[in-house]
Amino acid sequence: MKLHTFFSLFFVCLSIFVSAQETTVFPGSYAPGNASVAYFRQWQPFQNTSALALEQHISAGLVYQNRYFAKELSNEIFYVTVPTKLVNISGSFSYFGYDLYNEMLSEIAFSRAFGRLRIGVGFDYYSFFVSQTDGYKGTFTANVGAQMDVSSRLTIGFSIFNPTLSSINDSYTDRKLPTILSLGTNYKMGDKIYWLVEVEKNVNLSMNFATGFDYLPYKNFALRLGIYGSDYVIPTIGVGYKWSYFQIDIHSELHPILGTTFLISTRYNF
Amino acid sequence: MKRIFLGILFLMLCFCFLKAQQEDDADAAIENVYEYLMEDEEKSIDYEELYADLIAKFNHPINLNQATKDELESLHFLSDMQIENLLYYLYKVGKIQTTYELQLVEGFDNFTIKMLLPFVYVGTNRIEKISFKDMMKYGRNEFILRFDGTIQQREGSQPISQELYDEKPNSRYLGNPYYHSVKYRFSSQDIVQLGLSAEKDAGEPILSDYNKSLYSSYHAYIQLNNIKNFTTLVAGDYRASFGQGLLFSQAFSMGKSSLPLAVNVRASGLRRLSSTDEFNYLRGFGIAYRFDKWHFIGFYSFRKMDGAVQDSSFTSFKTDGLFQTPSDWEKRKTIAMQVAGVHADFTANWVKVGATIYGCRMDVPMVLNLRPYNYFYFKGKLQSGVSVDYQARWRNFNFYGETAMSDRNALATLNAVSFSPVSTLSLVLLQRYYSPKYDLFFANGFGENSKTNNESGLYLGAEIYPRRQWKISFFADVFKFPWLRYGVDEPSSGYELMTQLDYSFSRRVSMYARLRYKQKPTSKDFGDVMSQFVDFGKGSARFNMNYSVSNFNFKSAIQANFLQTRDSATTYGWLLLQDVAYNAQNGNWAVHMRYEIFDAVDYDNRLYYYENDVPYASYIPALYGQGLRYYALVKYKFSRMFSIYFRIAKTVYTDDREIIGSGLERIYDNHKTDFRVHLQWKF
């Protein structure tokens, strides 16, 4: 029964969040409403690569995301960032699934600021476990993005994941990586609130809308509220806290049918 | 001495730099105008002519202190009220000292001024008479070569066996699948304009039994302006427009757009053909003569039109200008048409009254396959018409209109008034009635129908300027079709609404949101004895944001539409796009890139968004299905005189289709890649 429930949930999840034959390895973000494309306060792995340009410390982090309390629907992500004089560099690795079915995504990203413009490029390798006999199959793709501070209060961002429509095709496999174009704004309201708005289009799915507020009542503490969705409206809530070199962010969202998604991100700045 | 030499060198370099920057500014200024004119739906607008008009005004800006109505009208984006207000302001103050004064002219908002500035300047001295020698010396020559192609092989170019080809000779192109054109233009101080152009469309034969020449269509013109009392002398290929276009108009007209006050026909009179259009032009000569307050225009044209002539008659003109197969070639230049007309107008103070007579004769009669909807359409060899047009200003009110009568006693009338009750609001109210019997070849009045007939309607347009950085544009158009239309088997009616909100966040950031809805009935065949009449509603929304950071310019946009009929489910279309453009500091090169994702499963939800292109070209693809599209346009200047543009665009469908297009254009693939090369030599 438990197995039956798990598989039902697994396939419903696949059909709603990503169309059939598309990957689920793409991890979420702790930005309010998942509106991360213009979010610049902290770079997050596999999100808009251009935010990496603002990184000032060597850092390492772990992210764990779980969908609907099914441990098989979990992402584990590890990343490091290395700022240099010429360009900031990051390396990220994401693992989704369990022994019999899993997907992996690795990315090396480079980003640099040109005044008020930040540009980032990520080189990604995606692979998934086909079967015990066939092992893994994979493909290369890219993740490009930019953020512009068009005024002291308004930042505009965009990113494209998999612009080249990379996919894995052979006689037995037809696995499409999602091609996603995201556009968004980040507007600073007063000194403590950032308002994020984003639209996102996966080439094979409905348009996704997101908005949220990043509220910083204290210097080291952030409270995040947002919503996103297309067919369903999904509310999100999150908090973030920073102790000296260590930072933790917790994010949760509620799908009206499938339930709760939970994300915890930890990070250490060296 | 060395210092002087270095100083001169520095000034020369500065001049080169400024000149280079200016060229880039031209593209940016024209793109800014295009933003407002491009619509969410298909429209048969000659953008080549619009580009030619705007680039001509960019190269020879209008001196505001000597601006004439005709000059200002040639910019297309100014409303008649804005033109009248500007002329009235000049009349009142005598002379404008600086372009900043434009803010004092009623109806001139920040958005209009931003569009206008690249095309005007404030000068003090009148231009002295220019000798022929100086005219040649200061003239601008432009030589353009263009080459277009598609990488994937189309059905028309696929290999075929001789036997099959003999059986179906129209199943393949006669020529190679590439487009090529060459143009030469000369202009001097807007007094002399001369042009030659030749074009070969994709699939058209050259140097063969069908076409022994190097190109398939040729145009040539010479136009002289303001030679003594002759305001215009034109010979070769040209266009003519009078009044509000009810009787005769071949000029660019905006119709319903996001500039809701600019609804009248522009650029009246005679004008050279600046595009490579193969249908909408006259070939012959025309003269315009001014005598005191009178202005007389006469023109004559003789040309061979294209159409399928069978049994010494034809049913319709061939308007696409494509001659790719033997059957196309049989329709080429089969109908001799003579057109002549006379126009006279009288201007006194703030009133202008004109009259136009026009006649057309063909050597082959037009005979229709009679259907109920085309029962009143023109048939025969001869047609003629007469019209009276007027324009008047009284206080804050501008009145204009035209009433025309065809030789079949059919009436068409259009009357409009525009006014500004307060400085923050401008309005236009336009009424039109075109009889179902009214059907003239060159009529092109404001309306919902592509033909100027069988329509009555009332249009209200408004522009509101609530604050300096904001502008609200709005129009509502209610229309009726008293007789049947193609695809609609009974008299019908509909309406269209549009509202646009423009906001200038800062000098670097501007945005607009546009909503549009149209309800228009159509007949739908449900397989019953008779087709049924259903309301067809289409709404669209667009949000567009332009912003710049240093030499980078960006555009982000989202567009959505929906389509609803009473008997079927609502369908949707979505488009999300991102533009990145970079202009090098030295002005020598520029690149413009776009990436867009579209999702419009139903063909009726197809999406349009203006794309940057090489000069004089414009391509707005209809996107439907699921997929993505991207393009890159690169411009490189070898020197001040030579430029090269290269554009490549690719559409990839992700909805598992294996065929794109239809007929001879069909491609057996899920992606299509087009390229375009444009070489420009100015001297």
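The basis for the numbers below is simple: all heavy atoms, side chains too, and nothing from hydrogens, waters or symmetry mates. Everything quoted here is computed from the prediction, not taken from an experiment. Note on naming: letters A, B, ... go to the chains in the order of the sequence lines (proteins, then strands), and numbering restarts at 1 for each one.
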With rounding to the nearest 0.5 angstrom, report the [atom1] to [atom2] distance, [X] to [Y].
{"X": "A/F209", "Y": "B/I558", "atom1": "CZ", "atom2": "CD1", "result": "4.0 Å"}
{"X": "B/L628", "Y": "A/T179", "atom1": "CG", "atom2": "OG1", "result": "6.0 Å"}
{"X": "A/S151", "Y": "B/R507", "atom1": "OG", "atom2": "CZ", "result": "13.0 Å"}
{"X": "A/M148", "Y": "B/S556", "atom1": "CE", "atom2": "OG", "result": "6.0 Å"}
{"X": "B/Y572", "Y": "A/M207", "atom1": "OH", "atom2": "CE", "result": "13.5 Å"}
{"X": "B/L577", "Y": "A/L181", "atom1": "CG", "atom2": "CG", "result": "8.0 Å"}

Side-chain heavy atoms of [X] within contact of [Y], under 4.5 Å:
{"X": "B/L575", "Y": "A/K201", "value": "no"}
{"X": "A/V203", "Y": "B/Q626", "value": "no"}
{"X": "A/F158", "Y": "B/F554", "value": "yes"}
{"X": "B/Y547", "Y": "A/T185", "value": "no"}

Contact origin within A/L165 toward chain B - heavy atom pairs under 4.5 Å: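 It is the side chain, since no backbone atom gets that close.
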
Nearest non-hydrogen partners of B/A557 and A/L183, listed with the distance: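 So the two residues come closest at O-CD1, 3.8 Å.
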
Side chain, backbone, both or neither: which part of B/Y595 has a heavy atom under 4.5 Å from chain A?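 Its backbone and side chain both get close to chain A.
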
Please flag which part of B/A560 lies under 4.5 Å from any non-hydrogen atom of chain A: side chain, backbone, both or neither. neither

Pairs touching residues 107-120 of chain A that satisfy salt bridge (charged side-chain N to carboxylate O under 4.0 Å, His left out), sequence neighbours left out: A/R118-A/D149

Any salt bridge (charged side-chain N to carboxylate O under 4.0 Å, His left out) involving residues 36-54 of chain A? Give me the pairs, sequence neighbours left out, ordered by first then second residue.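 Checked against salt bridge (charged side-chain N to carboxylate O under 4.0 Å, His left out) - neighbours excluded - the pairs reaching residues 36-54 of chain A are A/R41-A/D214.
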
Atom CD1 of A/I193 with >12 non-hydrogen neighbours under 6.0 angstrom: yes

Once you measure the plane-to-plane angle for A/Y187 and B/F505, does it fall in the parallel (<30°), tilted (30-60°) or perpendicular (>60°) bin? perpendicular

At a heavy-atom distance under 4.5 Å, which candidate from A/I156, A/I160, A/V199 has the highest pair count against chain B?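 Ranked by contacts with chain B, first place is A/I156.
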
Please determine if A/K176 and B/D656 form a salt bridge, counting it only when a charged side-chain N lies under 4.0 Å from a carboxylate O.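 Salt bridge present between A/K176 and B/D656.
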
Which of the residues B/D655, B/V652, B/D599 is involved in the greatest number of heavy-atom pairs with chain A at under 4.5 angstrom?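 Among B/D655, B/V652, B/D599, the one with the most close pairs to chain A is B/D599.
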
